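This one's a predicted model, so the numbers in the text were calculated from it and none came from an experiment. Sequence positions, counted from 1, serve as the residue numbers for this chain. In listed order, ligands and their atoms are each counted from 1.
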Amino acid sequence: METVIKQITSESVATACKILLDGGIVGMPTETVYGLAGDGTNPDAVKRIFEAKGRPSDNPLIAHVHKDYDLSTLVQINQPYVYDLIKAFTPGPLTMVFISKGVVCSQAVCGGETLAVRIPSHQGCQELLRAINRPIVAPSANLSKHTSPVTAMHVYDDMKGKIPLILDGGKCQGGIESTVLDVTESVPRILRAGLVTKEMIESVTGRCEIAMHRDGDKVRSPGVKYKHYRPKCETALYGEDQLDQVYAHYEKVKSQGKTPYIMCADHIANKFDGLNLLRLGKTAEEIASNLYDKLLEGEKIADVIIAVAMPNEEGIFLGVMNRLKKSCG
Ligand code: AMP
Ligand code: MG
């Protein structure tokens, strides 16, 4: 199969809709990472997504809908605070997990009783979702375990020959996947950290927990147990207080005739002037936005990516560190 990349226009959106309505799958931009999109009501489309990614069969998919879509047709909204969260954070990088009404097929939720739903803010994605007017399931558009794609070319690198079309909506601004929040109980619970932080959710709902993923939990995020986000080259991860070890590791790789790159925030990069660097930026937002892009750049030019951890795990850094530990740790 030939894979084409097309800028988002009304014409390419119409082509994507036709493919999706026929049970096919396409690459789709969102404000977090690129998604591999299929019709959530069509079990054949869902099967194609799992096959194209090599995704474990017990890891459910997130349904994406247009901002004017009536969520109550898809899920039970049992907690009043959900309306406040919708008002505050959607469209945007917040996914909420509800009890499903079964419109999205059971294959997409791996037979579970819950459904994760998101309303992306990316303009081109909204155009597609408006045109198709049904729930589109879309995991990140990478091969399972590989780093998530944040450009159309990243999607092409993993999916060429497997899908007919990638809609190009530019580089994803958010850069890490959405926050996944269980909203089935009286206190919302973060299942996967992202750009909508615990503090932001608390400012709306008063309380918010972070899931510890206990055995026997009713709602868990199966995805968090898998190897994830890994670039194709060797990696290492050190703390900010281990810069001597970072330098020693760098020199050791070089002495073996291989190419090391240090991936870190700008304030650390400034201390390693003159070495091979993958600079993540200054602010937490910038660092999240650049993380996957730098990992995917790094796997092409480095034999070893030596990553330096963030100064703490607060706010957006919680989501960044979660990805960094899995990709490089
Ligand atoms: P990805 O599509 O690659 O961004 O991964 C989606 C994430 O959402 C994974 O961590 C899934 O385990 C999680 N997820 C999707 N659906 C559900 C659900 N119904 N309940 C809990 N977690 C979910
Ligand atoms: Mg993923």
Side-chain angles (χ1 to χ4, degrees), residues 25 27-38 40 45-46 48-50 52-65 71 74-76 93-118 120 122 125 135-150 154-155 158-159 172 174-185 188-196 209-214 216-231 288 291-292 295-296 319 322-323 326-327:
I25 58 178
M28 162 184 96
T30 80
E31 73 279 17
T32 57
V33 304
Y34 273 72
L36 190 60
V46 170
R48 288 197 178 96
I49 291 174
F50 277 90
K53 277 183 67 89
R55 186 174 176 97
S57 59
D58 64 348
N59 192 9
L61 306 181
I62 295 172
H64 298 71
V65 293
L71 288 186
L74 295 181
V75 293
Q76 293 175 22
L94 177 66
T95 295
M96 288 183 280
V97 177
F98 303 89
I99 303 295
S100 177
K101 287 189 172 170
V103 174
V104 170
C105 64
S106 71
Q107 287 82 353
V109 294
C110 308
E113 61 171 6
T114 57
L115 174 68
V117 185
R118 183 158 98 83
H122 188 286
C125 182
I136 292 299
V137 287
S140 49
N142 51 280
L143 293 173
S144 191
K145 301 188 181 68
H146 191 214
T147 311
S148 307
V150 293
H154 294 156
V155 180
D158 271 18
M159 291 296 154
C172 304
I176 59 173
E177 295 84 351
S178 60
T179 305
V180 178
L181 187 71
D182 171 10
V183 297
T184 60
E185 291 180 32
R189 203 152 61 100
I190 293 177
L191 303 177
R192 177 176 74 185
L195 294 173
V196 176
E209 292 172 355
I210 296 182
M212 290 307 173
H213 297 293
R214 299 170 295 254
D217 272 0
K218 193 174 80 180
V219 179
R220 306 174 80 238
S221 218
V224 298
K225 76 182 181 212
Y226 293 110
K227 261 195 177 166
H228 242 122
Y229 317 122
R230 298 200 76 89
L291 181 64
Y292 292 149
L295 283 169
L296 290 167
N322 164 281
R323 277 37 169 217
K326 287 183 180 159
S327 61

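Proximity of R55 to ligand 1, defined as any heavy-atom pair under 4.0 Å, is confined to the side chain (atoms from C-beta onward).
With respect to E113 and K101, no salt bridge is recorded, no charged nitrogen being found less than 4.0 Å from a carboxylate O.
Taken from OG1 in T179 to CD1 in I190, the straight-line distance is 6.0 Å, to the nearest 0.5 Å. To the nearest 0.5 Å, atom CG of residue L143 and atom CG of residue D158 are 4.0 Å apart.
Panel note: side chain R55, backbone N59; a donor-acceptor pair is recorded below 3.5 Å.
Annotation: side chain of Y292 is not in contact with side chain of P149 (no heavy-atom distance under 4.5 Å).
Short contacts between ligand 1 and R192, defined as distances under 4.0 Å to a heavy atom of the residue, involve ligand atoms 1 (P), 4 (O), 5 (O), 6 (C), 7 (C). The distance from ligand 1 to the heavy atoms of L61 drops below 4.0 Å at these ligand atoms: 16 (N). For ligand 1, the atoms closer than 4.0 angstrom to any heavy atom of A116 are 15 (C), 16 (N), 17 (C), 19 (N). Applying the 4.0 Å criterion to heavy atoms of P139 picks out, from ligand 1, the atoms 2 (O).
Backbone or side-chain N, O or S atoms of Y229 do not reach the Mg ion (ligand 2) at under 2.8 Å.
For the residues L191, V180, T114, the heavy atom positioned nearest atom 18 (C) of ligand 1 is part of T114.
With respect to V109, the side chain to side chain contact (heavy atoms under 4.5 Å, CB included) criterion is satisfied by exactly one of V137, V97, I62, L115: L115.
Under a 4.0 angstrom heavy-atom cut-off, G112 registers as lying outside contact with ligand 1.
Counting only N and O atoms by type, the side chains of R118 and T32 include a donor and acceptor under 3.5 Å apart.
At least one N or O atom of N59 sits closer than 3.5 Å to an N or O atom of ligand 1. Backbone and side-chain nitrogen or oxygen atoms of S140 are examined, and one is located within less than 3.5 angstrom of a nitrogen or oxygen of ligand 1.
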